[in-house]
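Working notes, structure below.
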Amino acid sequence: MDVSEILNPLNEAQRSAVTVDGQHALILAGAGSGKTRVLVHRISWLIEVEKVSPYAVLAVTFTNKASAEMRGRIESLLGIPVGSMWVGTFHSLAHRLLRAHWQDADLPQGFQILDSQDQQRVIKRLIKAMDLDDSQWPAKQAQGFINSRKDEGLRSAHIEDRGDPYLRQMIKIYQGYEEICQRGGLIDFAELLLRALELWRNKPDVLNHYRSRFSHILVDEFQDTNSIQYAWVQLLAGDQNKLFVVGDDDQSIYGWRGAKIENIQRFSKDFSGTQTFRLEQNYRSTGNILKAANALIANNTSRLGKELWTDGNNGEPIQLYRAFNDFEEARYVVEQISIYTELDMRRDDHAILYRSNAQSRLFEEALLARGISYRVYGGLRFYERAEIKDALAYLRLMSNRHDDPSFERVVNLPTRGIGERSLQAIRDHSRDYRVSLWDAACTLCQQQLLASRAMSALSGFISLIEKLAGDCDGLDLGDTVELVIEHVGLIEHFKKDKGERGQARIENLDELGTAARQFQYDESIDMSQLDAFLSHASLESGESGDSQSDDCVQLMTLHSAKGLEFPAVFLCGVEEGLFPHKMSIEEPGRLEEERRLCYVGITRARQRLYITHAETRRIHGAETFPAPSRFINEIPEELIKEIRPKQRAPQVSTLRHLRPQTARRRSAPLDDAPLGLRLGQQVSHPKFGEGTVMSYEGQGKQARVQVNFNAAGSKWLVAAYANLQAV
DNA sequence: ATCGTCATAATTTTT
DNA sequence: TTATGACGAT
């Protein structure tokens, strides 16, 4: 392979980053500046030109998607599979380490991963077992407490209560949780990272092994690293190995879950001899969009500094639309999309971005009414679905009887007569003797400590698991999974569900069998095929979209839009209190993160950017009158074209003439709208011609309607006399 | 055990 | 407004 193949597709800044020769490099890669490309080409450069062994390269990302993409692109650029290279997420690499060194990490060989759902259930149960009032001690809060401490590298023993009774109780919960996990061989996500870090800290020989192996460490999205991840990278780097980290401080939007923007800010101080590169040429957006983004983000303090530019043209102005209410905002956005899709654009060229998930509803309704297909991102993913977790719980129990959350989950599913009383007896015994639920159940059965009915049910369950485990011995993974699903009674159980639900669940269970058959087992890791599959299920929760029918308008939160791009972006609900969110408005640090989120949103757009806000919005059922977001004011006026600047003198948009005719919307009627007229409805008047209902006031005979006529402008009319016809 | 009713809370989410 | 969870009734 030719060096020019690696270097030719790069611009100058990218090229100097890729070919850097010092010990450490920090690449500040703006949105759309070819960040992944630089990483991929850097790795190719190391291997092809510097003749570094792939074995000595470690590349870390945050999401499975990113690591899959990186691996794929490296392989296609180099033309060879890079099996020996460690490319993965922090979590998957930590997992791999712990599997290889489970003894040194003080773990049972068959340890399993606890996802956040499972974790919450464990904590909830623990709080009950501790006889605490769960309204005063919500599991969610305790979970947050535990995870944020772990993210800082703190175990329960490290935290001082300083006489604070709240802290003291939380520490106790944390302690109890640690015990349960250790006993059951369960590792939550934060624990994966913490254990991996402690493994290296406690076992210098293990650390040295990896230190001498990985001479080149590359980290993607460095602005998202938390304290543990930073410490982990630092430890592995030692003072010999070379770090190449890529990130964008302006796109740090996960501070609330432990990411430390300081990590990227202090990198060059912590690692002396760091060369910093800025990738500022943007290949994605028009000039106006970039100017808006630059101007907005300039309001943040303590940035590393970066300004995006393009050699393309300015493009259209940013369109700002002020809607009367949230409802009409959705109507407008969907109308615009329908105009563009009737011209030449695809539905999936359009993204509707919002700050909080609840906002999706109105857009969905408006899209539904227009018959435009759409996809909402961010629901449950495959391995998170209840029926899948049920089946996995059986498999997990087969692999490890002491997996309490799995035991709880399926001991009476499908119902087999193990009720709350028996279960409570099992839990009590488990707590009193500090044994797993499984062991407690076995003891209770042997000692005949339960009512005979419950006893036989329980021993039925125990022997079911034992029998399945025996039957599956020697079977391959696909057969195992299918055999378990078949014999455990879940299918029959879900058949009883009414409607489509049950059928869908059974199909998902089938799909699980397929997933197991297709699962690629990496034999180099020291674990059974089943354990590997179970870990995979926890670590990669799979695709979120149910049926990603191809051409759909894309709806998602700003957070989930990070890393994506769209020809047309609608940034909606850009209002004080919603965006920036009221929970973040007070603290300067959090406000800046909101601003970065806005920056992320703006820079998703390639060609066309709409920003919309509403003057009235229902939040939790109550009317609110939010001011336009300060972020709007931070964008230079000359980049913005207001679609309808003033309520009093509405302008007839040029687009209005392109409106496809009379596709009937089915917007829910406003409770007291006069004559059944709806905001946004097209009407015609004998004298003024056609127009749009903009507002109304009063009721019955007094009701007055404001109509914005295409030709005659805006008028207030008494509805009873105006003789308006719906178009 | 399953359904209905009431209270409660309500950013953002990957691993 | 709505979704979720807990609790009580059939």
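Basis for what follows: all heavy atoms, side chains included, without hydrogens, waters or symmetry-related copies. Lettering follows sequence order; numbering is per chain, from 1.
- No salt bridge links A/Lys35 with A/Asp248; every basic N to acidic carboxylate O contact stays at or beyond 4.0 Å.
- Contacts classified as salt bridge (charged side-chain N to carboxylate O under 4.0 Å, His left out) and involving residues 88-98 of chain A (residues at least two apart or in different chains) are not found.
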Pairwise N/O distances under 3.5 Å, protein to nucleotides 3-6 of chain B:
from  : atom 1 : to       : atom 2 : distance (Å)
B/dC3 : OP1    : A/Lys498 : NZ     : 3.1

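- Taking atom P in both C/dG5 and B/dT12, the straight-line distance is 16 Å, to the nearest Å.
- A gap of 23 Å separates the C1' atoms of B/dT14 and C/dA3, to the nearest Å.
- For A/Lys150 and A/Glu178, the salt-bridge test fails: no basic side-chain N is under 4.0 Å from an acidic carboxylate O.
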When you compare the protein's N or O atoms with those of nucleotides 4-10 of chain C, which come within less than 3.5 Å of each other, and at what distance?
from  : atom 1 : to       : atom 2 : distance (Å)
C/dA6 : OP1    : A/Lys124 : NZ     : 3.0

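- Not counting sequence neighbours, the partners of A/Thr624 by the side-chain contact (heavy atoms from CB on, under 4.5 Å) test are A/Arg617, A/Ile619, A/Pro626.
- In this structure, A/Leu380 atom CG and B/dT13 atom P are separated by 13 Å, rounded to whole Å.
- Look at A/Asn64 and you'll find a side-chain N or O under 4.0 angstrom from OP1 or OP2 of B/dT15.
- Here the C1' atom of nucleotide B/dT14 and the NE2 atom of A/His95 are 16 Å apart, to the nearest Å.
- The side chain of A/Leu539 has B/dT15 as its nearest neighbour among C/dT1, B/dT2, B/dT15.
- Here salt bridge (charged side-chain N to carboxylate O under 4.0 Å, His left out) pairs that include residues 418-428 of chain A, with residues two or more places apart or in two chains, are A/Glu408-A/Arg427, A/Glu420-A/Arg427, A/Asp428-A/Arg431.
- Applying the side-chain contact (heavy atoms from CB on, under 4.5 Å) test to A/Ser541 and every residue at least two apart in sequence or in another chain returns A/Arg381, A/Glu384.
- A/Asn147 has its CG atom 17 Å from the P atom of B/dT13, to the nearest Å.
- Qualifying salt bridge (Lys or Arg N to Asp or Glu O under 4.0 Å) partners for A/Glu540, counting only residues two or more places apart in sequence or in other chains: none.
- Distance A/Glu420 CD to B/dT2 P: 13 Å, rounded to the nearest Å.
- Looking only at distances, a side-chain donor or acceptor of A/Asp403 sits under 3.5 Å from a matching main-chain atom of A/Ser406.
- Partners of A/Glu623 under the salt bridge (Lys or Arg N to Asp or Glu O under 4.0 Å) rule, at least two apart in sequence or in another chain, are A/Arg618.
- Nearest-nucleotide assignment on DNA chain B puts the 5′-proximal partner with A/Lys496, out of A/Thr63 and A/Lys496.
- With rounding to whole Å, A/Leu534 atom CG is found 17 Å from B/dT15 atom C1'.
- Here B/dA1 presents its C1' atom at 15 Å from CZ of A/Arg416, a figure rounded to the nearest Å.
- Here B/dT15 presents its P atom at 13 Å from CG of A/Leu93, a figure rounded to the nearest Å.
- Following rounding to the nearest Å, A/Ile619 (CD1) and B/dA9 (C1') show an atom-to-atom distance of 14 Å.
- The salt bridge (Lys or Arg N to Asp or Glu O under 4.0 Å) search around A/Arg99 returns none, not counting sequence neighbours.
- Remark: A/Glu594 engages A/Arg355, A/Phe579, A/Pro580, A/His581, A/Ser584, A/Phe631 in a side-chain contact (heavy atoms from CB on, under 4.5 Å) (not counting sequence neighbours).
- By the salt bridge (Lys or Arg N to Asp or Glu O under 4.0 Å) test, A/Arg409 pairs with A/Asp390, sequence neighbours left out.
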Could you run down the sub-3.5 Å N/O contacts of the protein with nucleotides 10-12 of chain B?
from   : atom 1 : to       : atom 2 : distance (Å)
B/dA10 : N3     : A/His620 : ND1    : 3.3
B/dT11 : O4'    : A/His581 : NE2    : 3.2
B/dT11 : O2     : A/Arg355 : NH1    : 2.8
B/dT11 : O2     : A/Arg355 : NH2    : 2.3
B/dT11 : O4     : A/Arg590 : NH2    : 2.2
B/dT12 : OP1    : A/Asn357 : N      : 2.6
B/dT12 : OP1    : A/Asn357 : OD1    : 3.0
B/dT12 : O4'    : A/Arg355 : NH2    : 3.1
B/dT12 : O2     : A/Trp256 : NE1    : 3.3
B/dT12 : O2     : A/Arg355 : NH2    : 2.5

